[in-house]
Amino acid sequence: MKFLIIILQICMLYLFNFVGNIVHNFFNLVIPGSIIGLILLFICLCLKVIPVKFIENGAGFLLRILILFFIPATVGIMNYPSLLSIHGALLAIAVLLSTIISIAIAGIAGQLFERKAQKRKDDRECSKCSQSV
Amino acid sequence: MFAICMILLTVVTYFMMTKIYRRYSYSLLIPALTATTLIIIILLVLHIPYKSYMIGGQWINSLLGPSVVALAYPLFKQRRFLMNNLFPILGGALVGAITGMVSIGILSKMFGINHTLILSLIPKSITTPVAIEVSKGLGGNASMTIVAVMIAGIFGAIIAPTIFKFARVHSPIGRGIALGSASHAIGTSKAAEYNELTFSMSSVTMTLCAIIGSFLGPIVVWLFHI
(Lines give C-alpha, C1' and ligand atoms only; values in the text may rest on other atoms or scores of the structure.)
Protein backbone atom coordinates (compact mmCIF):
# COMPACT_ATOMS: atom_id res chain seq x y z
CA MET A 1 0.00 0.00 0.00
CA LYS A 2 2.76 2.40 1.00
CA PHE A 3 4.61 1.40 -2.15
CA LEU A 4 1.61 2.30 -4.28
CA ILE A 5 1.28 5.70 -2.57
CA ILE A 6 4.94 6.44 -3.27
CA ILE A 7 4.52 5.51 -6.95
CA LEU A 8 1.43 7.70 -7.29
CA GLN A 9 3.14 10.62 -5.61
CA ILE A 10 6.17 10.27 -7.86
CA CYS A 11 3.73 10.47 -10.80
CA MET A 12 2.50 13.72 -9.30
CA LEU A 13 6.07 15.06 -9.21
CA TYR A 14 6.51 13.87 -12.81
CA LEU A 15 3.45 15.91 -13.72
CA PHE A 16 4.99 19.07 -12.26
CA ASN A 17 8.22 18.33 -14.09
CA PHE A 18 6.23 17.84 -17.28
CA VAL A 19 4.33 21.12 -16.87
CA GLY A 20 7.64 22.84 -16.09
CA ASN A 21 9.11 21.49 -19.31
CA ILE A 22 6.11 22.66 -21.31
CA VAL A 23 6.45 26.18 -19.86
CA HIS A 24 10.20 25.99 -20.56
CA ASN A 25 9.65 25.08 -24.21
CA PHE A 26 6.68 27.35 -24.79
CA PHE A 27 8.38 30.53 -23.59
CA ASN A 28 11.80 29.38 -24.73
CA LEU A 29 13.26 30.00 -21.27
CA VAL A 30 16.85 29.33 -20.23
CA ILE A 31 15.71 28.10 -16.79
CA PRO A 32 15.42 24.28 -16.73
CA GLY A 33 11.89 22.85 -16.74
CA SER A 34 12.46 20.94 -13.51
CA ILE A 35 13.29 24.18 -11.67
CA ILE A 36 10.08 25.74 -13.00
CA GLY A 37 8.31 22.61 -11.71
CA LEU A 38 9.97 23.07 -8.30
CA ILE A 39 8.83 26.70 -8.08
CA LEU A 40 5.28 25.78 -9.21
CA LEU A 41 5.05 22.98 -6.65
CA PHE A 42 6.36 25.27 -3.89
CA ILE A 43 3.73 27.89 -4.77
CA CYS A 44 0.98 25.24 -4.89
CA LEU A 45 2.06 23.96 -1.46
CA CYS A 46 2.13 27.46 0.04
CA LEU A 47 -1.30 28.34 -1.41
CA LYS A 48 -2.59 24.96 -0.15
CA VAL A 49 -3.74 24.07 -3.68
CA ILE A 50 -1.97 20.78 -3.04
CA PRO A 51 -1.79 19.41 0.51
CA VAL A 52 1.69 18.34 1.63
CA LYS A 53 0.52 14.78 2.21
CA PHE A 54 -0.07 14.41 -1.54
CA ILE A 55 3.66 14.53 -2.22
CA GLU A 56 5.57 14.00 1.02
CA ASN A 57 6.12 10.24 0.77
CA GLY A 58 7.12 10.34 -2.88
CA ALA A 59 9.36 13.38 -2.47
CA GLY A 60 10.99 11.93 0.66
CA PHE A 61 11.63 8.66 -1.15
CA LEU A 62 13.21 10.32 -4.21
CA LEU A 63 15.41 12.60 -2.12
CA ARG A 64 16.63 9.71 0.04
CA ILE A 65 18.06 7.88 -2.95
CA LEU A 66 18.82 11.01 -5.00
CA ILE A 67 22.44 10.01 -5.60
CA LEU A 68 21.33 6.92 -7.55
CA PHE A 69 19.68 9.10 -10.20
CA PHE A 70 22.80 10.92 -11.23
CA ILE A 71 25.10 7.93 -11.32
CA PRO A 72 24.35 7.16 -15.01
CA ALA A 73 25.32 10.73 -15.98
CA THR A 74 28.46 10.51 -13.81
CA VAL A 75 29.53 7.27 -15.50
CA GLY A 76 29.74 9.42 -18.67
CA ILE A 77 33.18 10.65 -17.59
CA MET A 78 34.52 7.32 -18.90
CA ASN A 79 34.34 8.98 -22.32
CA TYR A 80 36.83 11.63 -21.21
CA PRO A 81 40.10 9.96 -20.23
CA SER A 82 41.75 13.33 -20.98
CA LEU A 83 40.55 14.47 -17.53
CA LEU A 84 43.51 12.58 -16.10
CA SER A 85 45.95 14.89 -17.90
CA ILE A 86 47.20 18.42 -17.22
CA HIS A 87 43.89 19.75 -18.48
CA GLY A 88 42.04 17.86 -15.77
CA ALA A 89 44.45 19.19 -13.14
CA LEU A 90 43.82 22.78 -14.27
CA LEU A 91 40.10 22.19 -14.06
CA ALA A 92 40.42 20.83 -10.54
CA ILE A 93 42.60 23.75 -9.41
CA ALA A 94 40.13 26.29 -10.83
CA VAL A 95 37.25 24.60 -8.98
CA LEU A 96 39.25 24.38 -5.72
CA LEU A 97 40.23 28.07 -5.80
CA SER A 98 36.71 29.17 -6.65
CA THR A 99 35.32 27.03 -3.82
CA ILE A 100 37.72 28.60 -1.29
CA ILE A 101 36.78 32.11 -2.47
CA SER A 102 33.04 31.46 -2.34
CA ILE A 103 33.10 29.80 1.09
CA ALA A 104 35.02 32.75 2.53
CA ILE A 105 32.91 35.46 0.92
CA ALA A 106 29.52 33.77 1.47
CA GLY A 107 30.45 33.09 5.10
CA ILE A 108 31.52 36.66 5.79
CA ALA A 109 28.49 38.07 3.95
CA GLY A 110 26.06 35.74 5.74
CA GLN A 111 27.51 36.70 9.11
CA LEU A 112 27.32 40.40 8.24
CA PHE A 113 23.69 40.15 7.05
CA GLU A 114 22.77 38.25 10.20
CA ARG A 115 24.17 41.02 12.43
CA LYS A 116 22.38 43.68 10.42
CA ALA A 117 19.08 41.81 10.64
CA GLN A 118 19.63 41.31 14.37
CA LYS A 119 20.35 44.99 14.85
CA ARG A 120 17.23 45.98 12.97
CA LYS A 121 15.19 43.60 15.12
CA ASP A 122 16.74 45.06 18.29
CA ASP A 123 16.04 48.60 17.13
CA ARG A 124 12.43 47.73 16.46
CA GLU A 125 12.04 46.18 19.88
CA CYS A 126 13.67 49.21 21.49
CA SER A 127 11.31 51.61 19.76
CA LYS A 128 8.42 49.44 20.97
CA CYS A 129 9.79 49.67 24.53
CA SER A 130 10.05 53.45 24.37
CA GLN A 131 6.53 53.70 22.98
CA SER A 132 5.11 51.65 25.81
CA VAL A 133 6.95 53.87 28.29
CA MET B 1 16.97 -7.48 -21.41
CA PHE B 2 20.29 -5.68 -21.70
CA ALA B 3 18.64 -2.50 -20.45
CA ILE B 4 17.35 -4.28 -17.36
CA CYS B 5 20.82 -5.68 -16.68
CA MET B 6 22.31 -2.18 -16.80
CA ILE B 7 19.61 -0.84 -14.48
CA LEU B 8 20.24 -3.69 -12.05
CA LEU B 9 23.99 -3.15 -12.23
CA THR B 10 23.53 0.52 -11.30
CA VAL B 11 20.98 -0.05 -8.54
CA VAL B 12 22.82 -2.95 -6.91
CA THR B 13 26.18 -1.14 -7.02
CA TYR B 14 24.58 1.97 -5.55
CA PHE B 15 23.00 0.13 -2.60
CA MET B 16 26.16 -1.85 -1.94
CA MET B 17 28.29 1.30 -1.86
CA THR B 18 25.74 3.12 0.30
CA LYS B 19 25.98 0.31 2.82
CA ILE B 20 29.77 0.54 2.87
CA TYR B 21 29.58 4.32 3.25
CA ARG B 22 27.14 4.03 6.18
CA ARG B 23 29.48 1.64 7.94
CA TYR B 24 32.68 3.70 7.57
CA SER B 25 31.23 7.16 6.81
CA TYR B 26 34.45 8.52 5.41
CA SER B 27 33.87 11.45 3.03
CA LEU B 28 35.93 9.99 0.18
CA LEU B 29 33.71 6.89 0.23
CA ILE B 30 30.54 8.75 -0.81
CA PRO B 31 28.51 6.40 -3.03
CA ALA B 32 28.47 8.86 -5.93
CA LEU B 33 32.23 8.39 -6.18
CA THR B 34 32.64 4.71 -5.33
CA ALA B 35 29.61 3.40 -7.25
CA THR B 36 30.58 5.39 -10.35
CA THR B 37 34.16 4.12 -10.26
CA LEU B 38 33.04 0.53 -9.81
CA ILE B 39 30.52 0.74 -12.67
CA ILE B 40 33.12 2.30 -14.98
CA ILE B 41 35.58 -0.50 -14.15
CA ILE B 42 32.92 -3.16 -14.80
CA LEU B 43 31.96 -1.55 -18.13
CA LEU B 44 35.60 -1.28 -19.21
CA VAL B 45 36.34 -4.90 -18.28
CA LEU B 46 33.24 -6.15 -20.14
CA HIS B 47 33.94 -3.83 -23.12
CA ILE B 48 30.55 -2.15 -22.89
CA PRO B 49 30.60 1.39 -24.33
CA TYR B 50 28.85 4.22 -22.45
CA LYS B 51 26.24 4.53 -25.19
CA SER B 52 25.08 0.95 -24.66
CA TYR B 53 25.11 1.39 -20.89
CA MET B 54 22.81 4.39 -21.25
CA ILE B 55 20.13 2.22 -22.92
CA GLY B 56 19.40 1.16 -19.36
CA GLY B 57 20.92 4.18 -17.66
CA GLN B 58 18.53 6.66 -19.25
CA TRP B 59 15.63 5.15 -17.29
CA ILE B 60 17.33 5.97 -14.02
CA ASN B 61 18.40 9.32 -15.46
CA SER B 62 14.77 10.22 -16.20
CA LEU B 63 14.02 10.34 -12.47
CA LEU B 64 16.30 13.36 -12.08
CA GLY B 65 13.60 15.81 -13.17
CA PRO B 66 11.01 14.72 -10.58
CA SER B 67 13.77 14.68 -7.93
CA VAL B 68 14.54 18.33 -8.62
CA VAL B 69 10.81 19.09 -8.29
CA ALA B 70 10.83 17.12 -5.01
CA LEU B 71 13.26 19.69 -3.54
CA ALA B 72 10.18 21.90 -3.08
CA TYR B 73 9.16 19.62 -0.20
CA PRO B 74 12.10 20.30 2.19
CA LEU B 75 11.96 23.96 1.20
CA PHE B 76 8.26 24.05 2.10
CA LYS B 77 8.88 22.31 5.42
CA GLN B 78 11.44 24.97 6.30
CA ARG B 79 9.42 27.93 5.06
CA ARG B 80 8.93 29.39 8.57
CA PHE B 81 12.62 29.16 9.26
CA LEU B 82 13.26 30.79 5.89
CA MET B 83 10.76 33.61 6.54
CA ASN B 84 12.21 34.31 9.99
CA ASN B 85 15.69 34.70 8.57
CA LEU B 86 14.75 35.92 5.11
CA PHE B 87 17.25 38.78 4.85
CA PRO B 88 20.44 36.94 5.86
CA ILE B 89 19.54 33.75 3.94
CA LEU B 90 18.45 35.46 0.73
CA GLY B 91 21.34 37.94 0.84
CA GLY B 92 23.89 35.29 1.70
CA ALA B 93 22.63 32.86 -0.94
CA LEU B 94 22.72 35.59 -3.56
CA VAL B 95 26.27 36.63 -2.67
CA GLY B 96 27.36 32.98 -2.51
CA ALA B 97 25.82 32.08 -5.87
CA ILE B 98 27.28 35.14 -7.60
CA THR B 99 30.76 34.67 -6.10
CA GLY B 100 30.81 30.99 -7.02
CA MET B 101 29.85 31.50 -10.64
CA VAL B 102 31.81 34.67 -11.35
CA SER B 103 35.00 33.36 -9.71
CA ILE B 104 34.96 30.08 -11.60
CA GLY B 105 34.26 31.96 -14.84
CA ILE B 106 37.21 34.31 -14.35
CA LEU B 107 39.60 31.62 -13.06
CA SER B 108 38.90 29.16 -15.85
CA LYS B 109 39.28 31.88 -18.48
CA MET B 110 42.61 32.81 -16.90
CA PHE B 111 43.70 29.17 -17.04
CA GLY B 112 42.79 29.00 -20.72
CA ILE B 113 40.26 26.20 -20.23
CA ASN B 114 38.24 25.58 -23.38
CA HIS B 115 34.78 26.95 -24.05
CA THR B 116 32.53 23.91 -23.49
CA LEU B 117 34.45 23.03 -20.36
CA ILE B 118 33.96 26.51 -18.87
CA LEU B 119 30.22 26.25 -19.52
CA SER B 120 30.26 22.89 -17.71
CA LEU B 121 32.11 24.39 -14.74
CA ILE B 122 29.81 27.40 -14.19
CA PRO B 123 27.14 25.49 -12.16
CA LYS B 124 29.71 23.69 -10.00
CA SER B 125 28.40 25.02 -6.65
CA ILE B 126 24.81 23.89 -7.31
CA THR B 127 23.38 20.60 -6.09
CA THR B 128 24.08 17.88 -8.69
CA PRO B 129 20.61 17.21 -10.21
CA VAL B 130 20.06 20.93 -10.81
CA ALA B 131 23.67 21.48 -11.92
CA ILE B 132 23.18 18.84 -14.63
CA GLU B 133 20.12 20.64 -15.98
CA VAL B 134 21.73 24.09 -15.81
CA SER B 135 24.84 22.79 -17.57
CA LYS B 136 22.76 21.26 -20.37
CA GLY B 137 20.88 24.53 -20.73
CA LEU B 138 24.14 26.48 -21.05
CA GLY B 139 25.52 24.03 -23.61
CA GLY B 140 27.97 22.38 -21.26
CA ASN B 141 28.72 18.70 -20.71
CA ALA B 142 26.81 16.99 -17.91
CA SER B 143 29.55 14.51 -16.99
CA MET B 144 32.15 17.25 -16.65
CA THR B 145 29.75 19.27 -14.54
CA ILE B 146 29.28 16.37 -12.13
CA VAL B 147 33.04 15.99 -11.73
CA ALA B 148 33.30 19.70 -10.89
CA VAL B 149 30.33 19.52 -8.52
CA MET B 150 31.90 16.58 -6.67
CA ILE B 151 35.25 18.37 -6.33
CA ALA B 152 33.53 21.51 -5.02
CA GLY B 153 31.49 19.45 -2.56
CA ILE B 154 34.14 17.15 -1.13
CA PHE B 155 36.95 19.70 -1.04
CA GLY B 156 34.66 22.40 0.33
CA ALA B 157 33.52 20.21 3.21
CA ILE B 158 37.13 19.37 4.08
CA ILE B 159 38.58 22.90 3.82
CA ALA B 160 35.62 24.87 5.25
CA PRO B 161 36.63 24.70 8.97
CA THR B 162 40.06 26.16 8.13
CA ILE B 163 38.53 28.95 6.05
CA PHE B 164 36.07 29.78 8.84
CA LYS B 165 38.98 30.17 11.22
CA PHE B 166 40.95 32.48 8.91
CA ALA B 167 37.94 34.54 7.80
CA ARG B 168 36.58 34.68 11.38
CA VAL B 169 33.21 33.25 10.46
CA HIS B 170 31.87 32.06 13.81
CA SER B 171 28.11 32.41 13.50
CA PRO B 172 26.11 29.26 12.66
CA ILE B 173 24.14 31.27 10.11
CA GLY B 174 27.24 32.45 8.27
CA ARG B 175 28.75 28.96 8.30
CA GLY B 176 25.56 27.33 7.06
CA ILE B 177 25.19 29.82 4.23
CA ALA B 178 28.82 29.34 3.17
CA LEU B 179 28.59 25.53 3.17
CA GLY B 180 25.22 25.38 1.42
CA SER B 181 26.09 27.90 -1.28
CA ALA B 182 29.57 26.60 -2.13
CA SER B 183 29.40 22.88 -1.41
CA HIS B 184 25.69 21.96 -1.79
CA ALA B 185 24.61 18.59 -0.31
CA ILE B 186 28.06 17.41 0.76
CA GLY B 187 28.62 20.73 2.52
CA THR B 188 25.20 20.43 4.13
CA SER B 189 26.08 17.06 5.65
CA LYS B 190 29.26 18.70 6.98
CA ALA B 191 27.08 21.50 8.41
CA ALA B 192 25.11 18.86 10.33
CA GLU B 193 28.32 18.17 12.30
CA TYR B 194 28.24 21.72 13.72
CA ASN B 195 24.66 22.02 14.96
CA GLU B 196 21.00 21.99 13.98
CA LEU B 197 20.88 25.69 13.03
CA THR B 198 23.92 25.44 10.75
CA PHE B 199 22.36 22.40 9.08
CA SER B 200 18.96 24.03 8.43
CA MET B 201 20.71 27.15 7.16
CA SER B 202 22.86 25.13 4.82
CA SER B 203 20.02 23.06 3.39
CA VAL B 204 17.74 26.06 2.79
CA THR B 205 20.63 27.96 1.20
CA MET B 206 21.44 24.98 -1.01
CA THR B 207 17.91 24.88 -2.44
CA LEU B 208 17.73 28.65 -2.86
CA CYS B 209 21.12 28.69 -4.57
CA ALA B 210 19.89 26.01 -6.97
CA ILE B 211 16.97 28.24 -7.96
CA ILE B 212 19.07 31.43 -8.06
CA GLY B 213 21.84 29.61 -9.95
CA SER B 214 19.56 28.51 -12.76
CA PHE B 215 18.64 32.15 -13.38
CA LEU B 216 22.15 33.43 -12.81
CA GLY B 217 24.05 30.91 -14.97
CA PRO B 218 22.90 32.30 -18.32
CA ILE B 219 23.44 35.90 -17.11
CA VAL B 220 27.04 35.19 -16.04
CA VAL B 221 27.77 33.45 -19.34
CA TRP B 222 26.35 36.40 -21.25
CA LEU B 223 28.15 39.04 -19.17
CA PHE B 224 31.56 37.44 -19.50
CA HIS B 225 31.16 36.47 -23.17
CA ILE B 226 32.05 32.92 -22.33
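Just so it is clear, the structure is predicted and the values come from calculations on it, not from any experiment. So you know, we letter chains A, B, ... as the sequences are listed, proteins then strands, and number each from 1.
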Looking at [options], which one has more heavy-atom pairs under 4.5 Å with chain A than the rest?
{"options": "B:Val149, B:Leu71, B:Leu90", "result": "B:Leu71"}
{"options": "B:Thr128, B:Ile159, B:Ile177", "result": "B:Thr128"}
{"options": "B:Gly137, B:Ala93, B:Gly100, B:Ser183", "result": "B:Gly100"}
{"options": "B:Thr99, B:Leu138, B:Asn85, B:Asn114", "result": "B:Thr99"}

Checking heavy atoms, do the side chain of [X], its backbone, both or neither come under 4.5 Å from chain B?
{"X": "A:Arg115", "result": "neither"}
{"X": "A:Leu112", "result": "neither"}
{"X": "A:Ile36", "result": "neither"}
{"X": "A:Ala109", "result": "side chain"}

Checklist entry - Which residues pass the side-chain contact (heavy atoms from CB on, under 4.5 Å) test with A:Ile77, sequence neighbours left out? => result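 With neighbours one apart ignored, the set is A:Leu83, B:Ile40, B:Ser143, B:Val147.
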Next on the checklist: Just to verify, what does A:Pro81 make a side-chain contact (heavy atoms from CB on, under 4.5 Å) with, not counting sequence neighbours?
Outcome noted: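 If we apply the side-chain contact (heavy atoms from CB on, under 4.5 Å) test to A:Pro81, skipping adjacent residues, there are no hits.
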Next on the checklist: Given the ring of B:Phe87, does A:Arg120 sit roughly above its face, with NZ or CZ under 6.0 Å from the centre of the six-membered ring and within 45° of the axis?
Outcome noted: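 Yes, a cation-pi geometry.
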Rounded distance [0.5 Å steps], [atom1] in [X] versus [atom2] in [Y]:
{"X": "A:Phe61", "Y": "B:Leu63", "atom1": "CZ", "atom2": "CG", "value": "8.5 Å"}
{"X": "B:Met150", "Y": "A:Thr74", "atom1": "CE", "atom2": "OG1", "value": "4.5 Å"}
{"X": "A:Glu114", "Y": "B:Ile89", "atom1": "CD", "atom2": "CD1", "value": "10.5 Å"}
{"X": "B:Met144", "Y": "A:Leu91", "atom1": "CE", "atom2": "CG", "value": "7.5 Å"}
{"X": "A:Thr99", "Y": "B:Ile158", "atom1": "OG1", "atom2": "CD1", "value": "11.5 Å"}
{"X": "B:Leu117", "Y": "A:Tyr80", "atom1": "CG", "atom2": "OH", "value": "9.5 Å"}

Item to check | Donor-acceptor contact below 3.5 Å, side chain A:Gln111 vs main chain B:Ser171 | outcome: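 Yes; at least one donor-acceptor contact below 3.5 Å.
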Item to check | Under 4.5 Å from any heavy atom of chain A - which part of B:Leu121 | outcome: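 Contact with chain A is through the side chain of B:Leu121 alone.
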Next on the checklist: With a 4.5 angstrom heavy-atom cut-off, is it the side chain or the backbone of B:Leu75 that approaches chain A, or both, or neither?
Outcome noted: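 Both backbone and side chain.
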Next on the checklist: Using only non-hydrogen atoms and a strict under-4.5 angstrom cutoff, which residues of residues 49-59 of chain A touch chain B?
Outcome noted: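 A:Val52, A:Ile55, A:Glu56, A:Ala59 fall under the 4.5 Å cut-off.
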Next on the checklist: Please output the residues of residues 17-31 of chain A in contact with chain B, using a heavy-atom cutoff of under 4.5 Å, in numerical order.
Outcome noted: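 Interface residues of residues 17-31 of chain A: A:Asn17, A:Val30, A:Ile31.
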Find the one option among [options] whose heavy-atom pairs under 4.5 Å with chain B are most numerous.
{"options": "A:Ser34, A:Gly110, A:Ser102", "answer": "A:Ser34"}
{"options": "A:Leu40, A:Ile43, A:Leu41, A:Leu15", "answer": "A:Leu41"}
{"options": "A:Ile65, A:Ile10, A:Ile39", "answer": "A:Ile65"}

[Y] side chain reached by [X] side chain, heavy atoms, under 4.5 Å:
{"X": "B:Val134", "Y": "A:Pro32", "result": "yes"}
{"X": "B:Val95", "Y": "A:Phe113", "result": "yes"}
{"X": "A:Leu97", "Y": "B:Phe111", "result": "yes"}

Checklist entry - For B:Ser62 and A:Tyr14, what are the C-alpha separation, side-chain angles and deciding distance, and is it a side chain to side chain contact (heavy atoms under 4.5 Å, CB included)? => result CA-CA 10 Å; B:Ser62 69; A:Tyr14 249 116; 3.3 Å; yes
Next on the checklist: Quick check on side chain to side chain contact (heavy atoms under 4.5 Å, CB included): which of A:Leu66, A:Leu62, A:Leu38 does B:Val68 satisfy it with?
Outcome noted: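 Exactly one option meets the side chain to side chain contact (heavy atoms under 4.5 Å, CB included) with B:Val68, and it is A:Leu38.
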Item to check | Side-chain donor-acceptor contact under 3.5 Å, B:Ser103 with A:Ser98 | outcome: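 Short answer, yes.
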